[in-house]
Protein chains: 2
Amino acid sequence: MGKIKETSTHFSNKEALENDCHEVYASNIIGGQWSIAICCYLIAGKHRFGELKKRLPNITERMLTLQLRKLEENKIVKRTVYAQVPPKVEYELTEIGLELGPIIKELGKWGEKHKVVCDSTTT
Amino acid sequence: MGKIKETSTHFSNKEALENDCHEVYASNIIGGQWSIAICCYLIAGKHRFGELKKRLPNITERMLTLQLRKLEENKIVKRTVYAQVPPKVEYELTEIGLELGPIIKELGKWGEKHKVVCDSTTT
DNA sequence: TCCCATACTTACATTTTTGATAGTACCTTA
DNA sequence: TAAGGTACTATCAAAAATGTAAGTATGGGA
């Protein structure tokens, strides 16, 4: 996630797809390596930056920041900064972010089932 | 989507996340540039390769092939080859693929709503 | 005075995904 | 004999996502 090149074919394809398919639009919002994992924790409630970092063992601060910024831009999470030293910042889901909760959970259930089905037919 | 490097940090992070989060597991399966769009059409029924290509105007044959192969590997779609010339190949959702249908539709509804909310607060 | 904790930022390297372009096989029909 | 239609594959290049490593600010406490 650096700057994107708005003249690339990739970019315009993505935009075009988003525009005539809400499903794709939605998946682009929550589809980063860590986005869904972050959401899973936030569904359970508010978290500080450092707490999220602990729960996502291998994430770098850079990636956590990037993903949170993206979620914030998309109004999925709300960021609250406390004027303290050392700093304290809390992240929580917005209203529309919360509405994503049940869908993500359904997806999780499906994933669990899928894993079983797939494993059994492979072996 | 070429060969992946199974020794990379990225790879092992992804695997670790998948293993303790079914939601992430699921999202990795359906999260490619075109996967959800393809699924959307297949939810409506069987399609030939060329039909999908027409419906996804800017997709290259390469990408369509890659995505379909990935979906097939993950047992989301079933591929049927007819021994004809010129060739005819049909793609359809499997049972577990069909179960994804309602979830994708919910995601679509959410996306539609999100778009409205986000646009109104931005302007 | 110096170190600490927290939540970042910056610059660069690597890996992964996607795109562009050309080619393949095969039988049918003209 | 040649062209056409379908579903691909192969190679190379570009772009995007992620990872690594180091640095920043600030006030409080030792």
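Per chain, numbering begins at 1; letters A, B, ... match sequence-line order.
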Within 6.0 angstrom of [X] [atom1], more than 12 heavy atoms from elsewhere:
X        : atom1 : result
Glu95(A) : CD    : no
Lys78(B) : NZ    : no
Lys88(A) : NZ    : yes

Whole Å only: how far is the [atom1] atom of [X] from the [atom2] atom of [N]?
X        : N       : atom1 : atom2 : answer
Leu64(B) : dA7(D)  : CG    : C1'   : 10 Å
Met63(A) : dT15(C) : CE    : P     : 16 Å
Ile38(B) : dT18(C) : CD1   : C1'   : 13 Å
His10(B) : dG19(D) : NE2   : C1'   : 9 Å
Leu68(A) : dT9(C)  : CG    : P     : 11 Å
Gln33(A) : dT15(C) : CD    : P     : 15 Å
Tyr91(B) : dT6(D)  : OH    : P     : 15 Å
Asn58(B) : dA20(C) : CG    : C1'   : 13 Å

Taking OP1 and OP2 of [N], is either one under 4.0 Å from a side-chain nitrogen or oxygen of [X]?
X        : N       : result
Lys14(A) : dA17(D) : yes
Lys54(A) : dA7(C)  : no
Gln67(A) : dA17(D) : no
Arg69(B) : dA7(D)  : no

Can you identify which nucleotide, out of dA17(D), dT15(C), dG19(C), has its nearest atom closest to the Ile4(A) side chain?
dA17(D)
Are any non-hydrogen side-chain atoms of Leu71(A) and Tyr91(A) less than 4.5 angstrom apart?
no
In the structure I gave you, are the side-chain heavy atoms of Glu90(B) and Tyr82(B) within less than 4.5 Å of one another anywhere?
yes
Residue mapping more 5' on DNA chain C - nearest nucleotide basis, Glu51(A) or Ile59(B)
Glu51(A)
Contact list (N/O, under 3.5 angstrom) for nucleotides 3-6 of chain C vs protein:
residue	atom	partner	partner atom	Å
dT6(C)	O3'	Arg48(A)	NH2	3.2
dT6(C)	O3'	Pro87(A)	O	3.0

Should the pair Lys109(A)-Glu106(A) be classified as a salt bridge under the 4.0 Å nitrogen-to-oxygen rule?
yes
Is there a donor on the side chain of Arg62(B) or the base of dT9(D) sitting less than 3.5 Å from an acceptor on the other?
no
Would you kindly compare Thr9(A) and Asn13(B) by the position of their nearest DNA chain D nucleotide and give the one closer to the 5′ end?
Thr9(A)
Taking any heavy-atom pair under 4.0 Å as a contact, classify Ser8(B): base, sugar-phosphate, or nothing.
sugar-phosphate
Touch class at under 4.0 angstrom, heavy-atom based, for Thr65(A) against every strand present
base
Short question: side chain of His114(A), backbone of Asn74(B) - any donor-acceptor pair under 3.5 Å?
yes
Nearest heavy-atom contact between Ala26(A) and Trp110(B) is CB-CE3, 3.9 Å
